[in-house]
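None of the values given here were measured: they were computed from a predicted structure. The figures here come from the full heavy-atom set of this structure, side chains too, leaving out hydrogens, waters and symmetry mates.
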Amino acid sequence: MAALTLDIDVQLPDGSVVAKGSKPLGVARACHKGISSDTPFADFREYLESILSALEPLRLGILLMLDEFDKLQEGIDNKVTSPQVPENIRYLIQNYPKFSAILTGSRRLKRLREEHWSALYGLGTSISVSTLDVEGARQVVTEPVRGLLTYSREAVDRVVELTASQPFLIQCLCNRVFEYAAKSKARSITLGIVNEVAADLVRDNEHFASLWDYAAKGPKTGRCRRQLILLMCAQGFKRGSHVSFVTLHEQLAQAGVEVGDEAMDVDMAHLRELELIDLIGEIGDGRYRLAIPLMGDWIEQQQDAEVVKSRARVEAEEENV
């Protein structure tokens with residue numbers, strides 16, 4: 001059986017190659033399948049050690065960059081991905097000084113502590129990418145198109161308001177504005193254009209669909225109930241009002257969904273952690289509001305209130321059996 005070899009080229013920014021060669025890998029079964037299904041992690045470690053060994057004379061290491069790592073959690077939940085993966089990543093980071101990782105995703109570390117990813121909690125530095133301050137958000141709207149497009153003050157403020165100053169949503173909305181301007185050959189962006197583009201954005205938006213799904217994830221009980229709470233906050237936002245804990249509790253009861261204060265506390269904490277709702281005031285006498293106005297438009301267009309209530313009622317009945 002032929003030995004598996006790893007071809008290694010290390011190239012500098014100027015294009016020159018400073019290291020070149022072949023390194024034997026002592027992974028017999030991987031000659032056929034690369035990484036075997038019987039001992040995948042052991043095979044991968046041998047592969048990794050060979051690369052690190054080749055990079056050592058150059059004082060280089062390996063950086064694992066994993067985007068949307070929370071998708072791996074979905075794989076674990078669906079039994080496609082091994083629940084051992086987070087532990088394996090932790091092992092590599094702890095045992096190989098020249099191996100580092102940057103993991104990005106939508107899930108909050110507090111939520112991850114309660115799942116398989118608790119293995120990584122506290123291992124590195126957590127950097128939260130949340131809402132921008134108002135001035136920073138305005139710059140994200142105007143600076144990338146300076147000299148190309150001119151936003152009216154009202155248009156800029158509307159973008160910031162609709163997106164709740166969240167950079168990803170600002171980018172999504174402004175990309176649509178740019179496309180609109182390119183097609184219509186407009187150079188000045190008005191409040192009316194922003195409103196028109198925003199209405200188009202929420203008609204079919206996977207980001208809001210993912211946020212809606214995240215509302216149902218987390219604690220195993222009350223998944224449909226949390227979506228109903230989010231819908232109620234969206235309805236209150238549309239009416240121009242914020243809702244208190246007591247009011248939400250009463251609205252749930254009227255919808256046929258009985259829930260204790262402790263369980264509802266967990267629900268509200270989960271939705272706040274995902275930055276789907278905000279608390280105005282202090283816990284106990286504060287009021288809750290929908291965090292992202294565009295999300296309210298999406299919920300109104302994409303979710304049938306009666307269906308959401310029905311699912312929450314069925315869930316409550318099953319949990320109380």
Side-chain angles (χ1 to χ4, degrees), residues 130-134 137 154-166 169-170 173 191-192 194-203 205 207-216 218 222-313 315-316:
S130 186
T131 59
L132 302 171
D133 60 76
V134 174
E154 294 80 5
V156 174
D157 289 344
R158 184 61 171 161
V159 171
V160 173
E161 175 193 0
L162 288 172
T163 61
S165 297
Q166 294 191 11
L169 290 178
I170 293 175
L173 182 52
L191 176 61
V194 170
N195 286 334
E196 181 180 343
V197 172
D200 181 66
L201 177 64
V202 299
R203 287 193 185 99
N205 190 287
H207 180 66
F208 293 132
S210 296
L211 291 177
W212 179 259
D213 290 341
Y214 275 134
R223 296 186 172 187
C224 295
R225 183 179 65 235
R226 286 189 289 278
Q227 289 181 330
L228 178 55
I229 291 173
L230 183 58
L231 181 141
M232 290 174 172
C233 288
Q235 291 175 333
F237 186 89
K238 285 291 183 180
R239 294 191 299 268
S241 62
H242 305 154
V243 288
S244 67
F245 185 93
V246 172
T247 299
L248 281 171
H249 207 292
E250 292 173 350
Q251 289 178 350
L252 287 172
Q254 291 170 4
V257 180
E258 298 294 336
V259 56
D261 288 351
E262 184 176 349
M264 191 165 163
D265 275 337
V266 173
D267 291 343
M268 305 311 290
H270 178 70
L271 295 174
R272 289 179 62 199
E273 187 180 317
L274 292 174
E275 297 181 354
L276 293 175
I277 62 173
D278 291 327
L279 174 63
I280 308 302
E282 299 295 329
I283 293 178
D285 60 356
R287 293 182 177 274
Y288 294 93
R289 71 173 182 185
L290 186 72
I292 309 169
L294 278 177
M295 182 78 179
D297 293 336
W298 182 89
I299 291 173
E300 184 178 47
Q301 291 185 20
Q302 303 295 329
Q303 300 299 323
D304 186 315
E306 293 306 315
V307 171
V308 175
K309 290 178 184 178
S310 177
R311 289 173 179 167
R313 277 196 299 270
E315 176 188 69

Open item on the list: I need the minimum non-hydrogen distance between L228 and K309, along with the two atoms involved.
Closed with: CD1-CG, 3.6 Å
TODO: Determine, stepwise, if the pair L279 / R287 fulfils side chain to side chain contact (heavy atoms under 4.5 Å, CB included).
DONE: CA-CA 6 Å; L279 174 63; R287 293 182 177 274; 5.9 Å; no
TODO: Starting at CD1 of I229, measure out to CZ of R225 and round the result to the nearest 0.5 Å.
DONE: 6.0 Å
- [ ] Please name the pair of heavy atoms, one in G296 and one in A234, separated by the smallest distance, quoted to 0.1 Å.
- [x] CA-CB, 4.2 Å
Open item on the list: What's the separation between atom CH2 in W212 and atom CG in L276, rounded to the nearest 0.5 Å?
Closed with: 10.0 Å
Task: Check against salt bridge (charged side-chain N to carboxylate O under 4.0 Å, His left out), E300 and K238 - done: CA-CA 9 Å; E300 184 178 47; K238 285 291 183 180; 3.7 Å; yes
- [ ] Determine, step by step, whether E275 and Q166 satisfy the side chain to side chain contact (heavy atoms under 4.5 Å, CB included) criterion, reporting the C-alpha distance in whole Å, the side-chain angles of both residues, the deciding distance to 0.1 Å, and the verdict.
- [x] CA-CA 10 Å; E275 297 181 354; Q166 294 191 11; 4.0 Å; yes
Task: R289 versus I280, closest heavy-atom pair with distance - done: NE-CD1, 3.6 Å
Task: Spacing of M232 atom CE and Q254 atom CD [to the nearest 0.5 Å] - done: 8.0 Å
TODO: Output yes when a side-chain donor or acceptor of H270 lies under 3.5 Å from a complementary backbone atom of Y214, and no otherwise.
DONE: yes
Task: CA sep, side-chain torsions, deciding dist, call: V243, C233, side chain to side chain contact (heavy atoms under 4.5 Å, CB included) - done: CA-CA 7 Å; V243 288; C233 288; 4.1 Å; yes
Open item on the list: Please check this pair: side chain of Q303 against backbone of V308, looking for a donor-acceptor N/O pair closer than 3.5 Å.
Closed with: no
Open item on the list: Between D278 and R272 (salt bridge meaning N to carboxylate O under 4.0 Å), is one present in this structure?
Closed with: no
Task: Gap between atom OH of Y288 and atom NE2 of H242 - 0.5 Å precision - done: 13.5 Å
TODO: Find out whether R203 and W298 are in side-chain contact, i.e. whether some heavy atom of one side chain is under 4.5 Å from a heavy atom of the other.
DONE: no
Open item on the list: Donor-acceptor pair, distance only, cut-off 3.5 Å: does the side chain of E315 make one with the backbone of C224?
Closed with: yes
Open item on the list: Using 0.5 Å steps for rounding, measure from the CD atom of E306 to the CZ atom of R311.
Closed with: 12.5 Å
Open item on the list: For A255, is there any backbone N or O sitting under 3.5 Å from a side-chain donor or acceptor partner on R313?
Closed with: yes
- [ ] Establish, from distance only, whether the side-chain atoms of H249 and D261 form a donor-acceptor pair under 3.5 Å.
- [x] yes
TODO: Report yes or no: does S241 contribute a side-chain atom to a donor-acceptor pair with the main-chain N or O of G236 at less than 3.5 Å?
DONE: yes
TODO: Apply side chain to side chain contact (heavy atoms under 4.5 Å, CB included) to I292 and T163, showing your working.
DONE: CA-CA 6 Å; I292 309 169; T163 61; 5.8 Å; no
Task: Considering all heavy atoms, the nearest F208-M295 contact - done: CD2-SD, 3.4 Å
Task: Validation row: L248, M268 side chains within 4.5 angstrom (heavy atoms) - done: yes
- [ ] Mind checking the CG-CG spacing from D297 to L162? Nearest 0.5 Å is all I need.
- [x] 7.0 Å
Task: Minimal non-hydrogen separation, V259 against A263, with atom names - done: CG2-CB, 3.7 Å
Open item on the list: Ignoring hydrogens, what is the shortest heavy-atom contact between L230 and A215? Give both atom names and the distance.
Closed with: CD2-CB, 4.1 Å
